[in-house]
Structures are given as structure tokens and as C-alpha cells.
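Accompanying notes for the structure given below.
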Amino acid sequence: MSVPWTRQAAPVVAVAAVLAAVPLGVGDSPYQMRIATLMLVLACYAVAFNLLFGHTNQLFLCVGALASLGGYLSVILVRDLKLASLAAVGLATVAAAATGGFLSYVSVRRGFGVLFVGIVTLAVSLIVHNLLLGLRDLTNGETGIVTRGLGMGLGDHPLKAYYVLLAVMVASLAAYRWLFGSRHGAALHALSEDEVSAELSGIDVTRYKVACAAGASALVGLVGALYADLNGFISPSVYAVGHVDIPVLVALLLGGMRTLLGPVVGAALFSLVDELVRPFGQLTVLAYGVLLVALFLLFRQGVVPVVQSALGRRVPALRAPSSRTAAKEEVAGGTEAGR
Amino acid sequence: MLEVQDLWAGYDDVAVVRGVSLRVADGEAIAVLGPNGAGKTTLFRSLVGLVRPQKGSVRFEGRPLHGLRPHEVVRQGVAYVAAERELFPQLTVLENLELGAYARPEGARQRLEMVFDLFPRLAERKGQRAGTLSGGEQQMLAIARALMAQPKLLLLDEPSTGLAPRLVAELYRRLETLRRQGVTILLAEQQVGAALGLCSRVYVLKDGGVAFEGEAADLRGSAQLRVAYLGGT
């Protein structure tokens with residue numbers, strides 16, 4: 001708890017510095033800039049999903065739906081109500097937060113298990129998808145909406161888009177870092193281990209889960225709205241489960257759940273793999289699958305925890321008490337107790 | 001201190017606890033005895049808000065406890081140690097204890113010294129993960145964690161489950177120390193002998209209702225009563 005804030009902020013600052021330098025290398029290529037920006041979008045979703053699923057056991061399979069809420073609402077508010085784009089993005093963020101918070105509240109109070117929450121939120125995703133298709137007057141159905149001129153113009157300024165997304169991502173990492181450096185971090189660790197024990201320790205599990213869901217959904221809604229702007233076009237399919245939720249889930253598992261940098265590393269790897277398999281044409285899906293299986297076999301806990309423990313082995317001072325020493329102590333304790 | 005009146009509780013429409021009334025005064029140690037399935041655990045779970053009571057009232061120091069959620073019950077000064085020893089297995093002994101003080105962070109340091117005095121074994125193992133402790137040590141940790149919340153009333157659900165007789169005796173010596181320090185204890189137990197040694201009064205549950213209520217000495221002295229209510233244990 002008493003870690004100085006400079007040390008706490010160090011990894012966030014390092015990531016920010018590295019990613020801020022990316023446009024120096026690829027800034028000339030609009031294509032590569034787009035890939036880099038989309039990587040940041042995915043990373044933001046994964047940061048939110050890490051808080052939802054990684055820390056509070058809430059398998060929200062409606063990240064895409066919440067993002068579409070942010071995207072469509074911000075665009076429609078500007079188009080039909082002539083709202084200022086910043087205000088529209090703000091309102092869309094709040095709407096996504098309220099929706100996520102509500103879903104979480106219902107799930108917690110009704111005592112839904114992890115998988116049931118997954119099923120319910122997947123159903124929500126399908127309902128939202130169908131609503132977007134069906135409310136033709138508002139959404140243009142499958143045709144979608146061209147968003148150019150309805151936002152802050154991120155679509156026309158790739159560099160600006162990149163840095164806005166980077167700012168959002170760094171802010172979310174900083175917030176994550178702050179959260180887990182505070183008293184709330186202990187409470188979140190406790191409830192991700194055992195909710196009943198946490199509740200019996202005096203931790204208001206409902207409040208924490210709902211607050212995390214609302215915060216994470218706000219981030220998703222905000223990024224969904226920014227995506228609508230920078231992409232120049234939205235349709236139900238750009239926010240579909242297969243386009244958002246699956247990549248987010250894979251990126252988080254690949255990078256490492258319950259870590260600060262796991263979502264970012266996972267999103268970067270996912271984007272890289274996505275690009276590497278592109279030349280395979282029709283065999284893309286196969287190549288994709290093979291690569292992902294290989295990565296998961298290599299990094300079962302996710303890349304970040306594996307790298308952390310590898311670094312820790314070389315630098316003993318970094319090493320956390322490992323489960324192996326604990327197991328040894330258990331054997332010692334067992335024999336003593338048996339005496 | 002604790003007043004339970006005509007409490008009904010259970011799961012869905014099935015009532016497991018059927019009209020239990022009991023009273024615990026300040027500083028007392030009370031045992032709730034009875035065979036498996038008598039409703040002891042459900043009674044305790046409904047007292048701390050893990051099961052919502054269907055009917056009746058629970059008052060603690062004059063304030064209603066029924067309808068509160070578990071974290072609110074803890075803040076009222078009632079700590080519960082479940083039979084399953086709800087711990088955080090991946091966290092260390094010390095982290096478990098610190099989380100126990102979550103509801104009452106002030107004075108946590110002194111209480112930590114107090115529980116280490118009471119359970120020196122935990123002090124030796126404070127850096128070890130809770131999931132790797134032996135059964136007896138886990139029970140000590142579960143009780144120590146509950147004490148970190150500085151409870152006025154400690155609810156213990158079958159603390160002797162799965163412990164060797166020697167460890168049960170040791171555990172009950174610690175509980176005796178706690179009782180002398182003024183912690184009020186309500187205890188559910190199948191190990192009648194140990195519980196009768198600690199407690200002054202006894203409630204015997206049968207089929208969800210109170211079948212016997214009286215002094216522990218009465219049960220201790222009468223083999224007949226023990227056979228009638230507890231099946232000869």
C-alpha cells in the first residue's frame with residue numbers, strides 16, 4: 001500500500017512512452033497507423049474486460065453491444081439532435097455505464113453464476129444486434145451510418161485519432177493502477193478469490209461489482225463512440241460479438257488476466273497475428289487458429305505472467321513467494337501436525 | 001445481546017429452520033446442538049444474512065439484523081466462521097487477517113498482535129498461502145480472521161469438523177480464553193462433549209425447531225437427556 005506513486009506510475013509511463021513513439025516509425029503509412037489505432041481500441045476494451053471478468057468474475061459477453069451503444073448513440077445525438085460532438089460522446093459514455101451497471105446489479109442481486117452471466121449478456125448482445133438492424137429509421141439497419149462530419153473528425157486525422165485513443169488507454173491504465181494501489185485493490189483481490197468470504201469480511205461485494213461494471217462499461221462506451229468517429233462508418237456488424245467480444249476475450253487471455261499490462265500486450269499480439277495471417281487468403285482462419293493454439297500452449301497463464309516470472313527468476317529480488325516454496329512449507333507443516 | 005424470535009428460514013419454498021427462538025446475553029457462550037440436518041447451519045446463515053429469513057425477527061443489541069446483507073451484519077459487530085472455513089486460499093495468512101479487519105481498520109495492528117498471541121502458529125506462518133495450511137491451522141485462521149473484525153458476537157459453525165481430537169481440545173482451549181476475554185460466542189456443534197465444556201446454556205435443534213433448551217450442566221449430568229435429544233452421543 002505504501003509503494004511510492006512514482007514507482008506505481010512507472011510501468012504506465014513506460015507503456016505510454018513506447019506507444020507514443022509508434023507514429024514516428026509508421027506515421028507515414030495510413031494503413032499501419034490504422035492498424036496501430038485499432039490495436040489501441042482493442043487494448044481499451046481488454047482493459048475494461050480485465051476488470052469485469054478478471055477481477056470481478058463478471059463474464060460480460062456484451063462488450064461489442066456496449067460499444068455499439070456508445071457509437072450509435074453519440075452519432076445519432078449529433079445527427080438528429082444537433083448536439084456538440086463532445087457532449088454526445090459524454091452522454092453515450094454515461095448511457096453505456098448505466099447499462100453495464102444495471103446488468104451487473106441484476107446479475108449480482110439475482111445471484112447469477114459466471115456462466116449464466118455470460119449467457120445472459122450474450123443474449124443482450126443478440127438483442128442489441130437485432131435492435132440495430134430493426135430500428136431502421138434511426139440506424140439505417142444493415143446499411144449503417146456514415147459518420148463523417150458527425151464527430152470530432154478523428155477519421156480525417158489518423159495521428160490525432162491515435163493519440164486520443166492512446167490518451168484514453170493510458171488514463172484507463174493509470175486508473176487501474178491507482179485502484180489496485182488503494183484499499184479498494186485489497187477488496188477486489190478478496191472478492192475475485194471468494195465472494196462469500198469477502199462479504200463475510202465486511203466487503204460490499206455488490207457495490208464493488210456494480211461499480212466496476214459501470215466503470216468498465218463507461219470505458220467501452222467511450223471507446224465505442226471514438227471508434228465510430230475514427231472509422232468513418234458504423235454498422236451492426238462492426239460491433240458484432242465476433243468482431244469485438246471474441247478478439248477481446250482472446251487478447252486478454254493471451255496477454256494475462258489480472259495484470260496491468262496483459263490487456264495491452266494481448267491486444268498488440270492479437271493485432272500482430274491478425275496481420276501476419278492476412279496473406280494466407282482463404283487459409284487465414286486456419287493459420288489464425290494454429291497460431292493462437294501455439295501461443296496458448298506456450299503461455300498458458302498469458303504472456304505477461306510468464307515473462308514476469310522468467311524475469312523474476314533471473315532477478316531474485318523481484319521474485320514473489322512461489323507456490324513451490326509454499327508447498328514445501330505445507331509438507332513441513334503436515335508432518336509437524338501429524339506428530 | 002442477540003434475540004431471535006420465531007425465525008423461519010430455508011431455501012426457495014422449503015423451510016429448514018422452523019420457528020426458532022433463542023437469546024444470547026452479553027458475555028455468554030451458548031451452544032446449538034443437534035444432528036446433521038437439524039438446521040444449525042441454515043440458522044447461522046440466516047442470522048448473518050447469507051440466507052434471507054422467511055419469517056420472524058433477529059435483533060442484535062436492540063437493532064434488527066434480519067434483512068441486512070452479510071457485510072452489513074459484520075459491521076454491526078457479528079462475525080461468522082462457516083463450517084467450510086471460508087478463506088482466501090491464494091492469499092497469505094497475513095493478507096487474510098488484514099482483510100478480516102476490512103470493516104474495522106482502526107486498531108487492526110493491536111488486534112493482529114492479539115490474534116498472534118492467541119494462535120502463535122499463525123504468526124509463524126504469516127507469509128504462507130492460506131490454502132496450503134493444514135486443516136487445524138485453517139480453522140485457527142478462520143477464527144482469527146473473524147476476530148480481526150473485532151466482533152461483539154462470534155458465530156462458529158461446527159469448528160471441530162475434520163479436526164483430530166487433540167486439535168479439537170486445543171481449539172476449545174483457545175475458545176475458552178476468548179470467552180474469558182469477554183467475547184460472546186454462539187456455537188453450533190456435533191461434538192457435544194467439547195461444546196458442553198465451553199458453554200453455559202444449550203439449545204438442541206431437531207427438524208428445524210428447538211427441542212430442548214436449558215443449562216449445559218443439565219445435559220452434562222443426564223445421560224437420559226443426551227440420549228433423548230442427541231442420539232446417545
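Chain letters run A, B, ... following the sequence lines, proteins first and then strands; every chain starts at 1.
At a 4.5 Å heavy-atom cutoff, B:Arg104 makes no contact with chain A through either its backbone or its side chain. Heavy atoms of B:Leu50 lying under 4.5 Å from chain A belong exclusively to its side chain. Of the two parts of B:Pro105, only the side chain, counted from C-beta on, holds a non-hydrogen atom closer than 4.5 Å to a non-hydrogen atom of chain A.
Under the 6.0 Å cut-off for aromatic ring centres, A:Phe180 and A:Tyr176 qualify, their centroids lying closer than that.
Salt-bridge check for B:Arg69 with A:Asp204: passed, with a basic side-chain N closer than 4.0 Å to an acidic carboxylate O.
Nearest heavy atom pair, residue B:Val17 against residue B:Leu7, reads CG1-O, 3.3 Å.
In terms of heavy-atom pairs under 4.5 Å with chain A, the best-connected choice from B:Leu87, B:Asn96, B:Val48, B:Val73 is B:Leu87. Interface check for chain A: of the options B:Ala146, B:Ala82, B:Pro89, the most heavy-atom pairs under 4.5 Å are formed by B:Pro89.
With 3.5 Å as the limit, one finds a donor-acceptor pair spanning the side chains of B:Glu189 and B:Tyr172.
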Residue pair B:Lys152, B:Glu61: steps toward the salt bridge (charged side-chain N to carboxylate O under 4.0 Å, His left out) verdict: CA-CA 10 Å; B:Lys152 295 173 204 155; B:Glu61 295 186 317; 3.0 Å; yes

